[in-house]
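Here is how names work: the chains are called A, B, and so on, in the same order as the sequence lines, proteins then strands, and each is numbered from 1.
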2 protein chains.
Amino acid sequence: MRASERAYRALREEILDGALEPGAALAEVEQANRLGVSRTPVREALARLEADGLATAASARVLQVSALDAASIRSLYELREALEGQASRLAATRREPERFTALRERIADAPALLDAGEEGLRAYYDAVDALDDEIESAAANPMLGAALRSVRLHSARVRRLARHHPERLRAAASEHLLIVDAIVAGDAALAAHATHVHLHLSLRHALASIEARHPDGHRVA
Amino acid sequence: MRASERAYRALREEILDGALEPGAALAEVEQANRLGVSRTPVREALARLEADGLATAASARVLQVSALDAASIRSLYELREALEGQASRLAATRREPERFTALRERIADAPALLDAGEEGLRAYYDAVDALDDEIESAAANPMLGAALRSVRLHSARVRRLARHHPERLRAAASEHLLIVDAIVAGDAALAAHATHVHLHLSLRHALASIEARHPDGHRVA
DNA sequence: CCCCGCCTTTATGTATACACTCCAGTTCAC
DNA sequence: GTGAACTGGAGTGTATACATAAAGGCGGGG
């Protein structure tokens, strides 16, 4: 694999994991030494991270890991509502219910996975992610797909802040099931509204989580 | 200004103008010679264009100017509906009507500009673009703003294909006026729906334009 | 006559050297 | 003592050289 690709994935993973905390400096030479490549591929990786919104130029010459505070999470969810709502709506419009039959069962069985420890949790998220992928694919819109993938990076980052709440995840599974059923039924309006409902509840949970972790809402930046 | 920034803007302008036609190859050395810089800044510029969706990797080692056919225009408008609809909705929700008072008059007067030749046409589009900027700013959502700016690049590209139809532009001004009024009135649903209507009519016109120009719908790729 | 394989060529991917700018620390003048 | 200017350093921005791999052409064989 290309060195720039490896550097990009390594840095991205560390940002999503929180190993590189919000506000951490991303200097070319430092990262090049740490990753064992030259500045050139690191430079390319940093440019991609900035385009993704995972890194932000604090000044003309210093790049930082982007903040992840309540305000940016709200912004993210407003954007997700627009994009994922449209994706669900389009997926319903395409009338290809057979794409979702296997996936529906997988989502229906997902709550049981929450009693299967760490591995089950991973399987739960795999099922949810598979649904996202299928909706994106069914929407059959490359530009929307690109926007969704970008947004999913940030969602993954929020997910790792708010993870591990079985009660919420059980409810989320029901919400996802309703979305799938609306798509299968070809009910575009319901698909969009169910997505809205899911995101609303998910946002509420995410904000409560970070509030619990950082009582002062401005400390996470 | 940095050489990479100049290279990016020059190439972007040529793609939007159509000087670089869809499918044209974007080779690093060729563009570096043409623009009078080394490969390094050109490389960075090409990476940004690819991230923007204005360039597409045809194979592992050849980058081309992205296609601009009926299918990609439809995709663009589905994405625009999601993003601009949400932006209008949020702008209405924020309840800052005073931001739009001057702009409303400007849009109301825009149709008269269509009788003022080339310069008037530019002024017309400046007014429309100013409205887009103000809605984006009023929506107060950095992530949505970034997505909107990306989409606006592609919209500009389509605009130059379908330009110069005074009748359509007069109608578009009325549609924009309705959007502004809905935002000023704080009517989020109407703002979103008026945006939907505007995009629907705009898409119909764009598709008719390229159909007239390329009777075979697949020739523009 | 066609197809497979090798070779050449040409492009990209990476490393490195150099130039330049911005920031900080220090020193001097007021 | 404070402020401003100068100087040093660290980091980015660009150019270039080298490594590498994919694509196309040519030749030989079937």
Side-chain angles (χ1 to χ4, degrees), chain A residues 1-15 19-67 142 146 149-150 153 221, chain B residues 1-15 19-67 142 146 149-150 153 221:
Chain A
M1 187 188 305
R2 298 184 315 181
S4 61
E5 184 69 24
R6 276 188 297 121
Y8 169 70
R9 295 194 191 180
L11 289 169
R12 186 182 68 183
E13 195 56 31
E14 289 181 349
I15 293 174
L20 281 169
E21 293 186 4
L26 294 170
E28 296 178 7
V29 194
E30 177 190 349
Q31 298 304 325
N33 293 336
R34 198 166 64 83
L35 300 173
V37 293
S38 78
R39 277 179 58 212
T40 307
V42 168
R43 206 178 154 72
E44 186 171 327
L46 293 177
R48 288 180 65 183
L49 290 171
E50 188 178 359
D52 288 338
L54 293 176
T56 307
S59 74
R61 294 164 79 105
V62 16
L63 194 70
Q64 294 183 335
V65 175
S66 296
R149 279 189 294 281
S150 164
L153 286 180
Chain B
M1 187 188 305
R2 297 184 313 181
S4 61
E5 184 70 23
R6 277 187 297 119
Y8 169 70
R9 294 194 192 181
L11 290 169
R12 186 182 66 184
E13 196 54 33
E14 290 181 347
I15 293 175
L20 282 169
E21 292 187 1
L26 294 170
E28 295 177 7
V29 193
E30 177 191 348
Q31 299 303 326
N33 293 337
R34 200 167 65 83
L35 299 173
V37 295
S38 77
R39 278 179 57 211
T40 307
V42 168
R43 206 178 154 72
E44 186 171 327
L46 293 178
R48 286 179 67 183
L49 290 171
E50 188 178 359
D52 288 338
L54 293 177
T56 308
S59 74
R61 293 165 78 105
V62 17
L63 195 68
Q64 295 183 334
V65 176
S66 296
R149 280 188 294 280
S150 164
L153 287 180

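- With rounding to the nearest 0.5 angstrom, the OG1 atom of Thr56(A) is 9.5 Å from the CG atom of Leu26(A).
- For the atom pair Ser66(A) OG and Ile15(A) CD1, the distance stands at 7.0 Å (nearest 0.5 Å).
- Scored by the salt bridge (charged side-chain N to carboxylate O under 4.0 Å, His left out) test, Glu13(A) finds Arg160(A) as partners (sequence neighbours excluded).
- Put simply, the side chain of Arg43(A) does not reach to within 4.5 Å of the side chain of Arg43(B), judged on heavy atoms.
- Taking CZ of Arg9(A) as the reference point, atom CZ of Arg48(A) lies at 8.0 Å (rounded to 0.5 Å).
- Between the two ends of the helix from dC1(C)-dG30(D) to dC30(C)-dG1(D), each summarised by a five-pair axis, the helix axis turns through 10° (rounded to 10 degrees).
- For Ser4(A) (side chain) and Pro41(A) (main-chain N/O), no donor-acceptor pair under 3.5 Å exists by modelled atom type.
- Under the 4.5 Å side-chain criterion, counting only non-hydrogen atoms from C-beta, Leu11(A) is in contact with Leu35(A).
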* Asked: What is the per-nucleotide protein-contact pattern of nucleotides 6-14 of chain D, from the 5' end, where B denotes a base atom under 4.0 Å from a protein heavy atom, S denotes such proximity for sugar-phosphate atoms only, and - denotes neither?
  -> -----BBBB
